Amino acid sequence: MIYCIFAKKNMEYNFREIQIKWQKYWRENKTYKVDIDKTKPKYYVLDMFPYPSGAGLHVGHPLGYIASDIFSRYKVHKGFNVLHPMGYDAFGLPAEQYAIQTGTHPAITTEKNIQRYREQLDNIGFSYDWDREIRTCDPKYYKWTQWVVIQLFKHYYDNDLNRANPIKFLEEKFEKYGSSEVNAVHSEHEEFTAEEWQKMDYKKRQEILMNYRLMYLSEAYVNWCPKLGTVLANDEVVDGFSVRGGYPVERKKMKQWLLRITAYAQRLLDGFATIDWPEPVVEIQTNWIGRSEGATIFFEIADSNHKIEVFTTRPDTIYGATFMVLAPEHEMSLEIASPEYRQQVSDYIQWAKNRSEVERMAEKKVSGQFTGSYAINPFTKQQIPIYIADYVLIGYGTGAIMAVPAHDSRDFAFARHFNLPIIQVVQRPNEDNIPVEEWSESYDSKEGIMINSGIINGLEVKDAIKTIIEKIEESEIGKKKVNYRLRDAIFGRQRYWGEPIPIYYKDGIPHALSIEELPLELPEIDKFLPTEEGEPPLARAKNWKTFDGYPLETSTMPGFAGSSGYYLRYMDPHNEWELVSEKAVNYWHNVDLYIGGREHATGHLIYARFWNKFLYDLGLVPKDEPFQKLVNQGMIQGRSNFVYRITGTNTFVSYNLKDKYETQKIHVDINIVNNDILDLDKFRKWQPEFENAEFILEDDGKYHCGWEIEKMSKSMHNVQNPDDIVEKYGADTLRIYEMFLGPIEQAKPWDTNGIEGAFRFLKKFWKLFFNNKNEFYLSDEQPDLNELKILHKTIKKVSDDIEKLAFNTAISSLMICVNELNNCNKRKILEPLCILMSPFAPHIAEELWHLAGHNDSVTKQSWPVYNDAYTQENTFNYPISFNGKTRFNLDLDINLNNEQIKEIVLNNENSKKWIEGKEIVKIIIVPRKIVNIVVK
RNA sequence: GCGGAUGUGGCGAAAUUGGCAGACGCGCCAGACUUAGGAUCUGGUUCCGAAAGGAGUGGGGGUUCGAGUCCCUUCAUCCGCACCA
C-alpha cells in the first residue's frame, strides 16, 4: 500500500480542517444511516429532543447528546445495529409569545431556530441518522399524534381486563346489561338498566360514554393562567405560577379535554419493576402518583336523608372522629348548611374561591366555618359537627374528611382553633400518659395500641385497620379503597401553536374526525390572540369547520402531546399509512437507552409511559414500557466571574485586595476573563460605564477576578456557547472535555480553564502517529509485551467504563495509555487505540485512520478484543502494613502461599523496624490485596 | 413538614466485594528549550514537619486486623413534593 506514509511537512493537529473534511465525508457517504438489519442485534439510543429556543444551545445542552453519541458509536463498533435519531419538539409557548409581540408567525421563528440548532449540533459531530428527523409541528408528524388522540377518545379502561378497550364494547354491555355489569374507570357514575339505556336518546348516551372515554370532556377545576390565556396541566404549574413565563395561575371551573391517565396509575407503578431507571426519578413519579390505601365511609347527616362519603387512610381512628370537614367546593357544602349558618357558609365559600393558590400557600392560618349541621359517627353514634374549610381539597379523595384531631396534625390544629373535642384512640408505645388536653401536637404515627375504640380496643394499629375495614364492609357503610394523588391530565390549551384536537361538534356532541381527514392542519389566523368573545385563537380561523360544515374544536394540544410517542415515529418516520409499521416496531421494540434531564420526571416521562401503555393495550407496540434504561445527565452550572468596584468610585480592586476596601461585587462577562485574569482593555470596552475604569492590581500586575458557581444564564454573564469552544479547540476537544468533567449524572460547574487539558491530550494522541520529522509514520514492527499490556489494559478499562457510562474514567484511562505509550508508533498498537478513541473523538480518529492507509470509516471497525494473557502479572506489589498502616511495598510472586509470604515479610529488613521489641499478635494475608501485621 | 441526593487537595474528580486515599486533568512551583511564551518537554504538588514521623475523606461515636466504603448520631448544601386526610 502506497498511501501508508504521507510525508507531509508540519503535520500539526489542524482540527478545523479535519473537522470540516470528515463531517462532509460522513454526510456524503451517509455513514450514520441505519436500516432494519435482521442479521444484527438492535440497539436504540435516544436523546430527549430539544425545544428549539431562540437562545440556541449552551454547553450544558450537548452533555447528554455527547454521552449518547459515544455510547451509540461504541455499540456500532460492538456489532449492533444502532438507531440514534434526533428531532425537534417544535410546538410550544415561547414561539407563540414571540408571535404575539412581533407578529412573526411561530412557524417562521421555529424554522429559524431549528436551523440554528442544526448548525450547532452538526458542529459537534454527532452520529445521528438525519434522514429520520422529526418535528412535532410538521403535519406529517402530528397526523399521528392526532390519530392516537382519536384512539384515546374511542377507548375506555376496563378494570376486569385491566386494559383499554374499544368504546363500542362498552356500548354493547350497556345495551345488554345496563351499568351493573360494567367495571370500568369513569368520572361521574350513573346507574341504569339495559332498558333505561335503550330508551335514552343519542345525546344522553354520548354524555354517559364521555364519562368513560380515555380522552374526555369534563367540567372540572383547572389551572387557569390569565396571562397566557390558557389552562395548564399540574406539572406545568409550580408554586402557583406557570412554568413557562412564571405567570400567576388561578383555579377555575371550566369544561376541558382531559386524558384519563389515572386509569393507568397502578400500571405506572407496577412498571418500575421492569425498567432500569434512576432511583430519584422512580421516587418522584411514585410520589406524584401517590398511592394510598384506606377506606371510603359514608356518614349520615342528622335530621336529613343525605350521606357524606369520606376517604381516610386511618379508618382505625374512626372512634376518635369528633368532627367532619368538607372542602368549600364540595357539592353539599351549602346544601347541608342550616338556615342560621347559610349566610356565613356562603360567605366562606365565596372567600375561599377568590383566594389564589399563591395566597393559600403563603398563609397557612387555620380557617373554616361551622355549617350548623351534624353528622353521625357510624361507630360511636355520636353527633359530630360538620365544618367547611379550605385545608380539605376538593380534588383529593372525596373532598370530605372525618377529622381525628388526636392523630392528625391538621385536624389537631383545627380542633384547637375552634375548641373542638379531641379523643385519643391510639396509645403510644411506652407512653407516659399525658392527658390529651396537654398535648402540644397530635400523635400521627401508626405505632401503638387502640384505646377508647369499642370493638377494636387493644389491637395494634395495623390489625385494627384490617379489622375495622372488614366491619365497615360488612355493615355496608363503606369499603376498602385505594386512592391516587395523580390527577387526570388536562389536555386542551387555549393557544395557537399546538396540534389541533381532531374533534368536531355535531349538535354540540363531540365526535372524532376520521383518519381520512387527518392531519387536521393548523389554520392561518390574523392574530395570535383569543377572540373578542374570549374564544381560543383557532376560533379566528375562517371556515374552522369540517367538510360538511360542523364546527371544529378550537383548543389545541399541550406541549407533551407531541413528545409522548415520538420515539415510535423515529422507527418509521416516513410512513404515511401508519404511526409505525409492525415490521419496524417489532424490530426496534423500544428505547434501550434514554438520556435526558430529570426535570421531565413528572411531565413527559410519565405521559410517555402512559401513552405507550395505551398503545400496548391496542396491540400496536410490543413493549409495555417505552424506555428501558433512563439516564439523567446532570446540569452544567455556570462559573461566574466577578470584579469588585470600590463603592462610589469607578475603581476596581483585584480579588485578593478587596477586603481592604468597601466594595460592590459585579458580574463580569466570562468571555473577557481568562483563567480568572481580567482583560483590562476588553473590560473598558465591555460597557460604556467602565470606559474610564481604574484598577488596583496585585503584585503580579494582574487583575484577579472572584468566581462563583451559579446557574448558567444570560443575566449572570456566564453563558458558554459551544460554538466558541469548537472554534477555538475543535469539536473533539469539546466532546472529550465535557465527558471528562465528571460523572454524567452529576451536576458540575463548567470551567473553561480546564479545557486545555483535553486539548493537550488530543495533541499528544495525534503526535503518536508522527515521527520526529513531523511525518506521518506507523511502524509495522511487532509490539513488545509492555506495549501490548498497556493496550489491553486500556481496552478492558475503556470497554467496562463505557458500558457503565463512566466516560470520565474511560477518558482518563485513554490519557494514561497515551502517556505510557510515549514514542510507540507501532501500527498494531495505534490502530486499535484509534478505534478506542473514535467514539469520543471521531474526527481525529477518522483522520488518523485514513492516514494509516484505510479507505473505510473508522466508525465501522470492530471494537478491539481484550486478551487477558497480555495483562497477566506474575508478581503482585503487596502493601505491607503494621496495625493497618502501610509502611512499605514488596513485589511478591503471585503463586506464593500464605506461609511463604509470611516468611518473606517477617524476614524482610524493612519489617524489623516495625516489629522490634513488639509482640506479633496476628498476621493477616489477603492474596493479591494486602499483608497486615498486628503488633503490640 | 415529608421524601431523595450529595459532602474527599486551591479546583473538576478517582478509589471491584471493606484492603496502599487523592488515579486522570486543571491550577500552582521549579527546571529545560527559546528573541519570546499564554507553545512544548522534564520534575514536584493533601496538610503539618528540616527530617524521622504524624494527621487526614463535613463533625462525633461504633463494628473490624483494616472503614471514604458498613452501623448509630449530628451538621451543611442541593433537589423533589408539599394542607394528599
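In the text below, chain A, chain B and the rest are named by the order of the sequence lines, each starting its count at 1. Being a predicted model, the structure only gives us computed values, none of them experimental.
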Hey, mind stepping through A:T296 and A:K479 against side-chain contact (heavy atoms from CB on, under 4.5 Å) and telling me if it holds? CA-CA 6 Å; A:T296 55; A:K479 54 178 187 261; 4.1 Å; yes
Is the side chain of A:R485 donor-acceptor paired with the backbone N or O of A:R291 at a distance under 3.5 Å, no angle test? no
[X] side chain: which of [options] is closest?
X	options	result
A:I816	B:A23, B:A14, B:A39	B:A23
A:T886	B:A85, B:U40, B:A21	B:A21
A:S292	B:A23, B:C20, B:A85	B:A85
A:R485	B:A23, B:C81, B:C83	B:C81
A:N932	B:C20, B:C24, B:C65	B:C65

Identify the pairs formed between an N or O of the protein and an N or O of nucleotides 51-55 of chain B at a distance under 3.5 Å, and give each distance.
from: B:G53; atom 1: OP1; to: A:K913; atom 2: NZ; distance (Å): 2.5
from: B:G54; atom 1: OP2; to: A:R887; atom 2: NH1; distance (Å): 2.9
from: B:A55; atom 1: OP2; to: A:K885; atom 2: NZ; distance (Å): 3.1

Going by atom types alone, do [X] and [Y] pair a side-chain donor with an acceptor below 3.5 Å?
X	Y	value
A:S442	A:D408	no
A:Y443	A:Q424	no
A:Y391	A:D411	yes
A:T752	A:W750	yes

Under-4.0 Å side-chain N/O to phosphate OP1/OP2 contact, A:N808 with B:A14: yes
Under-4.0 Å side-chain N/O to phosphate OP1/OP2 contact, A:S881 with B:G19: no
Provide, to the nearest angstrom, the distance between the [atom1] atom belonging to [X] and the [atom2] atom belonging to [N].
X	N	atom1	atom2	value
A:I930	B:A15	CD1	P	19 Å
A:E738	B:C26	CD	P	17 Å
A:L814	B:A14	CG	P	16 Å
A:Q637	B:U77	CD	P	16 Å
A:K711	B:C79	NZ	P	10 Å
A:F759	B:G25	CZ	P	16 Å
A:I811	B:A23	CD1	P	18 Å
A:I465	B:A85	CD1	P	12 Å

[N] and [M]: how far apart are their [atom1] atoms, nearest whole angstrom?
N	M	atom1	value
B:A55	B:A67	P	13 Å
B:C75	B:G25	C1'	32 Å
B:U6	B:G58	P	13 Å
B:G59	B:G7	C1'	12 Å
B:G80	B:C26	C1'	33 Å
B:C11	B:A5	P	26 Å
B:G9	B:G60	C1'	23 Å
B:U34	B:A23	C1'	33 Å

So, under a plain 3.5 Å distance rule, would you say the side chain of A:N883 forms a donor-acceptor pair with the base of B:C65? no
Report, one pair per line, the protein and nucleotides 42-44 of chain B atoms (nitrogen or oxygen only) whose separation is under 3.5 Å.
none

A:F414 vs A:Y387, test: ring-ring contact (aromatic ring centres under 6.0 Å, His included). Steps then yes/no. CA-CA 10 Å; A:F414 195 84; A:Y387 280 73; 5.3 Å; yes
Let's go through A:Y319 and A:I468 carefully: what are the C-alpha distance in whole Å and the side-chain angles of both, what is the deciding distance for side-chain contact (heavy atoms from CB on, under 4.5 Å) to 0.1 Å, and is it a yes or a no? CA-CA 11 Å; A:Y319 285 88; A:I468 200 85; 4.2 Å; yes
Nucleotide paired to B:U6 in any strand shown, Watson-Crick or G-U, under 3.5 Å: B:A76
Strand partner of B:U17, provided both Watson-Crick or wobble distances fall under 3.5 Å: none
For [X], which contact category applies under a 4.0 Å heavy-atom criterion: base, sugar-phosphate, or nothing?
X	answer
A:V934	sugar-phosphate
A:T602	nothing
A:N877	base

Using nucleotides 4-12 of chain B, report all nitrogen or oxygen pairs with the protein that are shorter than 3.5 Å.
from: B:G12; atom 1: O2'; to: A:L741; atom 2: O; distance (Å): 2.4

Using the side chain to side chain contact (heavy atoms under 4.5 Å, CB included) definition, which of the options A:I920, A:I915, A:V934 pairs with A:F882? A:I915
Ranking A:R314 and A:N889 by the position along RNA chain B of their nearest nucleotide, the one closer to 5' is A:N889
5' precedence on RNA chain B between A:G397 and A:K922 (nearest-nucleotide basis): A:K922
Its glycosidic angle compared against 90° from 0, B:G38 adopts the form anti
Salt-bridge test for [X] and [Y]: reply yes if a basic N is under 4.0 Å from a carboxylate O, no otherwise.
X	Y	result
A:E293	A:K480	no
A:K797	A:D801	yes
A:K793	A:E820	yes

Tell me, please, whether A:Y866 has A:K796 positioned over its six-membered ring: NZ or CZ under 6.0 Å from the ring centre and within 45 degrees of its axis? yes
Six-ring centre of A:W914, A:R887 cation under 6.0 angstrom, axis tolerance 45°: yes
Distance in Å, A:N819 CG paired with A:F761 CZ, rounded so as to fall on 0.5 Å steps: 8.5 Å
